[in-house]
Amino acid sequence: HLTVDSLFSGIRTPALKGGLFMKTSVRELDYDTVRSLPLPPHRNPVRANLFFRGLLFALSAFGLSGTRFRYTTEGMEKIGKNQPCLILMNHSCFLDLMIASRIFFPKPYCIVCTSDGFVGMGGLKARLMRAIGCIPTRKFVTDLTLVQDIDFCLNRLHTSVLMYPEASYSFDGTATPLPRKMGVLLKKYGVPVVMVETFGAFTRNPLYNELQVRSSVPVSARVRCLFTPEEIKEKSVRELSDGLDAAFTFDQFRWQRETGLEVREPFRADGLQRILYKCAACGAEGRTEGKGTAFRCRSCGKAYTLTPIGELEAEDGNTPFPHIPDYYAWERAQVRQELLEGAYRLETDVDIAMLMDYRHIYKVGTGHLVHDRTGFTLTGCGGRLRYTQKPTSSYSLYADYYWYEIADTICIGDNRCLYYCFPKKGYPVAKTRLAAEELYKLCPTEKDCLFVPGARHVESMHVDPEGYAEKLDGFIKRYIK
């Protein structure tokens, strides 16, 4: 459930939108043809050689120029110079991979990466991504193969692994939900855990701000040893998970205010409606607009200024939520209430693209997306497509703004196929992500896991039928007397 942004897409200058030129290869193709395409074969991760590590470092140095980047370390002397470790990093913006390279070069490490980052150049990009040590996985889709791949890196390649456990960029500058089984993984691997927390990266290039870089904002990081192997052995899974939750508790807007960092760029409120989609004064949705330094509701006329220190100030002096994460938390509470009352429902026409292999993202036509308390239902392509996804399938949702410079997107799917849905009417994808997260919490069903080495998605019953039957039988007997 983790991601990285490819540096092979090229780097833009600060005069243009975006720190990284995020493009992908898109091709229009018939739905049935796309569904018949073979899946990419699984390949073991590779340890990046010094050339590719040097190339990544050089590109990172260029990309970080002007950021005045610096970092501090805590407790890193507890980790051996060549000792493999698990590197966890908060996910703020396109600079994250550059920051990691700047900190850890020339130390070799593999990078857990979103599978759509492998797409392009007729499959050549996938080879390049593997060469720098990237491991593909699909966001918010259960992927036991990833567990094996990380183990392969740590124990067979003797190399560290960098991962972004939040999986998606932060929308509001605070942490996004973490997978609940991270403590189990730490126990399984038993290697040192390093935490990299960035400061200023979100403020410099927030996802909602339409890829515009606030070039005056400096970037820094704190690198610390979060757990040693001995501490992992001593602590319970719950204690490890709680420690991770504490490490991933941050608020970039509060950090900006407390440090007095002023953002003077005249476009700092552009796109703010992507996260603040609901008016806190009149309750209208989809009627807010962020432009320049102003944020307003086109329904009731309520108007604010986004101050240089990142707070909202209402023109009439009555500001319900000066702190943007508080505003976003209020929207979350509103969505949760809608779910409890049975009033929540997304229903919109969408353009549909699919990911099947690493050659292209395939546009397959139009359809209709519904999201309610029963989960997602996607139909389209002349009646040939129907996909449903239960609320318990994932604790969060892959929703993104201006995805690969195409449009805002909602992504659903499984290990066979991913569906990228682009709402035609500009529906706020942030609300859908909030709804998916809250709906998962409202379905506190008991869950269990069977790990079968060598088995991919839905293959465990065939690879180990006896183990599968025993696990299933035990789970059923626990609840059916």
Side-chain angles (χ1 to χ4, degrees), residues 3-6 8-10 17-18 20-40 94 113-129 136-141 168-169 207 210-211 271 274 346-371 375-389 394 397-430 432-433 436:
T3 184
V4 71
D5 296 303
S6 170
F8 290 104
S9 298
K17 286 187 178 182
L20 286 173
F21 184 61
M22 293 301 295
K23 287 286 190 180
T24 191
S25 175
V26 179
R27 181 183 177 188
E28 292 188 9
L29 205 60
D30 177 76
Y31 169 74
D32 291 329
T33 303
V34 174
R35 284 294 297 179
S36 66
L37 293 173
L39 294 176
F94 299 145
C113 167
T114 178
S115 54
D116 55 56
F118 274 50
V119 175
M121 302 167 64
L124 177 60
K125 186 178 177 184
R127 295 176 61 184
L128 293 172
M129 293 290 279
T137 190
R138 301 189 177 202
K139 287 187 181 183
F140 303 113
V141 174
S168 282
Y169 292 122
L207 192 61
E210 300 179 352
L211 303 182
R274 282 188 159 107
L346 157 68
E347 188 165 358
T348 182
D349 292 330
V350 294
D351 291 317
I352 304 170
M354 296 170 60
L355 189 154
M356 292 291 293
D357 57 28
Y358 299 142
R359 299 180 67 84
H360 309 281
I361 298 292
Y362 298 97
K363 286 188 174 181
V364 295
T366 61
H368 196 70
L369 180 66
V370 175
H371 186 221
F376 286 99
T377 300
L378 175 65
T379 55
C381 302
R384 291 168 293 167
L385 165 61
R386 179 178 176 82
Y387 173 78
T388 60
Q389 182 167 299
S394 180
L397 174 72
Y398 185 6
D400 207 347
Y401 305 140
Y402 205 31
W403 185 76
Y404 287 103
E405 302 190 11
I406 298 174
D408 292 2
T409 189
I410 296 167
C411 179
I412 56 178
D414 51 30
N415 271 309
R416 170 66 185 170
C417 174
L418 292 180
Y419 300 95
Y420 297 89
C421 306
F422 305 100
K424 289 189 173 184
K425 297 181 180 179
Y427 184 88
V429 301
T432 312
R433 185 160 105 173

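Between Ala399 and Val429, the shortest heavy-atom distance links the atoms CB-O, 3.9 Å. When every heavy atom of Met356 is checked against every heavy atom of Leu39, the shortest pair comes out as O-CD2, 3.7 Å. Shortest non-hydrogen contact noted between Met129 and Cys113 is CE-SG, 3.5 Å. Here the closest heavy-atom approach between residue Ser25 and residue His360 is recorded as OG-ND1, 2.7 Å. Closest approach of Ala353 and Ile361 over heavy atoms only: CB-CG2, 3.7 Å. For the pair Leu355 and Arg138, the tightest heavy-atom approach, listed with the atom from each and the gap, is CD2-NH2, 3.7 Å.
The CZ atom of Arg416 sits 8.5 Å away from the CE atom of Met354 when rounded to the nearest 0.5 Å. Distance check: Thr432 OG1 to Leu346 CG gives 4.5 Å after rounding to the nearest 0.5 Å. Distance SG/Cys411 to CZ/Phe422: 9.0 Å, rounded to 0.5 Å. Note that CZ of Phe140 and CZ of Arg433 are 6.5 Å apart. Values are rounded to the nearest 0.5 Å. Rounding to the nearest 0.5 Å gives a distance of 8.0 Å between CG of Leu29 and OG of Ser36.
A donor-acceptor pair is defined here as one N or O able to donate and one able to accept, closer than 3.5 Å; no such pair exists between the side chain of Tyr419 and the backbone of Leu378. Between the side chain of Thr409 and the main chain of Trp403, no donor-acceptor pair closer than 3.5 Å is present. A donor-acceptor pair under 3.5 Å is absent between the side-chain atoms of Arg27 and the main chain of Tyr362, judged by distance alone. For Arg35 (side chain) and Leu385 (main-chain N/O), no donor-acceptor pair under 3.5 Å exists by modelled atom type.
Using a 3.5 Å distance cut-off with no hydrogens or angles, the side chains of Tyr398 and Asp116 do pair a donor with an acceptor. If you check the side chains of His368 and Thr379, you find no donor sitting under 3.5 Å from an acceptor. With no hydrogens or angles considered, no side-chain donor-acceptor pair links Asp408 and Tyr427 at under 3.5 Å.
The shortest side-chain heavy-atom distance between Met121 and Leu128 falls under the 4.5 Å cut-off. Between Ile410 and Leu397, the closest side-chain pair of non-hydrogen atoms falls below 4.5 Å. Within the 4.5 Å cutoff, no side-chain heavy atoms of Arg384 are placed close to those of Val364. Taking the side chain as every heavy atom from C-beta outward, Asp414 and Tyr387 approach each other to under 4.5 Å. For the pair Pro136/Tyr358, a side-chain contact is recorded, criterion being any heavy-atom separation below 4.5 Å from C-beta on. In this structure the side chain of Leu369 never reaches within 4.5 angstrom of the side chain of Thr377, judged on heavy atoms. The shortest distance between side-chain heavy atoms of Ser115 and Thr137 does not fall below 4.5 Å.
Residue Arg386 qualifies as open at atom CZ: its count of foreign heavy atoms under 6.0 Å is 12 or below. Around the CD atom of Glu347, the shell of radius 6.0 Å holds more than 12 heavy atoms that belong to other residues, nucleotides or ligands.
With respect to Lys363 and Asp351, no salt bridge is recorded, no charged nitrogen being found less than 4.0 Å from a carboxylate O. One finds no salt bridge joining Arg274 and Asp400 here, because no Lys/Arg side-chain nitrogen approaches an Asp/Glu carboxylate oxygen to under 4.0 Å.
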Query raised in the report: Could you walk me through whether Phe94 and Leu211 pass the side-chain contact (heavy atoms from CB on, under 4.5 Å) check?
Result: CA-CA 9 Å; Phe94 299 145; Leu211 303 182; 3.1 Å; yes
